[in-house]
Amino acid sequence: MPDTPRAARKARVAAFISGAGTNMAALLYAGRLPETHFEIVLVAANDPEAPGLALAEAEGIETFALAHGGVPRAEHDAAMEAAARNAGAEYIALAGYMRILTPGFVERWEDRILNIHPSLLPAYPGLETHRKAIEAGDPHGGCSVHLVTQELDAGSVLGQAEVAIRESETAESLARRVQFAEHQLYSRVLDEWCARPFRPDWLLEELRRRALALPESEERESHGAPAFKLAGKSGKFFAHFSDRHHGEAHVAVLVKTSGQEELAELVERDPDTFYRPAYYGASGWVGLVLNRKDCDWEQVDYWLERSWRAVAPGRLAAAFDI
Ligand code: GAR
């Protein structure tokens, strides 16, 4: 068998279900392939009889169930959320979870809850999607994976798959075929979403947005890599993007410290975050690792600003403070 690339690290995902759990199963098995960037660590349901729970148990996955009947919504959500946190989940995949989450829950997990919906959104949010697509005479039904926001089925669509609607199609026959498509789509989209914080192109885009938000900042290449400097001929560089330069293990941003003492202290205190970069280290630049679990973008912002201040003329820094 050819060698399969192994994901650098798998993100921990909790799947919330209400029923059969076929999408959860598709995610579970996809997550076990060496090259995927996620793994299902918990299956939680709002119905203790949900058939998907038994499957998850048979596969040795932790489960949690709490019937929602008679439990206030906020309390039920809090129990589901606690189960996800206790399992160390970093993302939640709603997989046929037929409950609307409370706004606070959605807010705390912003950009980290995905849902699969059986229509080509924005068409047909809500229920009875297949019947509606057939009755409207649509040539295709399908499914969408989207981010969960407070408005039902309205978050950004991350991926879709179309499924042809045949003559004499019924809602049931269409639903069955859409599920094949769902099982393909969901695992791919979730994989891509979880891989993002490790991908150099995504990290550069995120860094670029933040660095260019600083006053009079512009992007220029430096030694063949993207870098950020103050505008103008004599504007100095304040950040360099490094994608495993000089054989280093990291995707990082290099920023200016106050000198060798601070650089050494940072690396000693937090070696998972900071490192002494080749060549640049000699002039007091520190490497801040971006391709790691839970990269702290506020910390990146702090260092970008500090580094920018170190090269910005006084009048600019003063204007920025105002
Ligand atoms: C799936 O078809 C999913 O798209 C749908 O429930 C089914 C669950 O099946 N979700 C919704 O309608 C959400 N509004 P599964 O339990 O076999 O994955």
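Just follow the structure's listing: the first ligand is 1, and inside any ligand the first atom is 1. Please read these numbers as outputs of a predicted model, since none were measured by experiment.
The N/O atoms of N115, backbone and side chain alike, include none that comes under 3.5 Å of an N/O atom in ligand 1. At under 3.5 Å, a nitrogen or oxygen of G21, whether backbone or side chain, sits near a nitrogen or oxygen of ligand 1. Considering backbone and side-chain atoms together, E182 places an N or O closer than 3.5 Å to an N or O of ligand 1. For the pair N23 and ligand 1, the shortest N or O to N or O distance falls below 3.5 Å.
Residue contact check for ligand 1: I17 places no non-hydrogen atom closer than 4.0 Å to it.
The protein non-hydrogen atom at the shortest distance from atom 12 (O) of ligand 1 is P118 CD, 3.4 Å. The single protein non-hydrogen atom nearest to atom 14 (N) of ligand 1 is H117 ND1, 3.6 Å, given as residue, atom name and distance. Closest protein heavy atom to atom 9 (O) of ligand 1: Q179 NE2, 3.0 Å. Shortest contact from atom 13 (C) of ligand 1 to any protein heavy atom: M98 SD, 3.8 Å. For atom 17 (O) of ligand 1, the closest non-hydrogen atom of the protein is T22 OG1, 2.5 Å.
Between Y280 and H223, the ring planes lie perpendicular to each other; the angle is over 60°, past the 30° to 60° tilted range. The aromatic rings of H146 and H117 lie perpendicular to each other, with more than 60° between the two planes, well past the 30° mark.
By the criterion of side-chain heavy atoms lying less than 4.5 angstrom apart, applied directly or through intervening Ile, Leu, Val, Met, Phe, Trp or Tyr residues, Y124 is not grouped with L120; the two fall into different hydrophobic clusters.
Defined by atom type and a distance below 3.5 Å, a donor-acceptor pair is missing between the side-chain atoms of D47 and S18.
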Worksheet item: Please walk me through it: do R196 and E192 pass salt bridge (charged side-chain N to carboxylate O under 4.0 Å, His left out)?
Response: CA-CA 6 Å; R196 270 179 352 154; E192 270 172 33; over 6 Å; no

Discussion item. Assess the residue pair R208 and E219 against the criterion (salt bridge (charged side-chain N to carboxylate O under 4.0 Å, His left out)); give the C-alpha distance rounded to whole Å, side-chain angles, the decisive distance to 0.1 Å, and a yes or no.
Written reply: CA-CA 8 Å; R208 176 177 284 138; E219 183 170 346; 2.6 Å; yes

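Nearest-heavy-atom check against atom 6 (O) of ligand 1 across C143, P125, G96 picks out G96.
A ring-centre distance under 6.0 Å is found for H240 and F237. Checked against a 6.0 Å centroid threshold, the rings of F320 and W308 count as neighbours.
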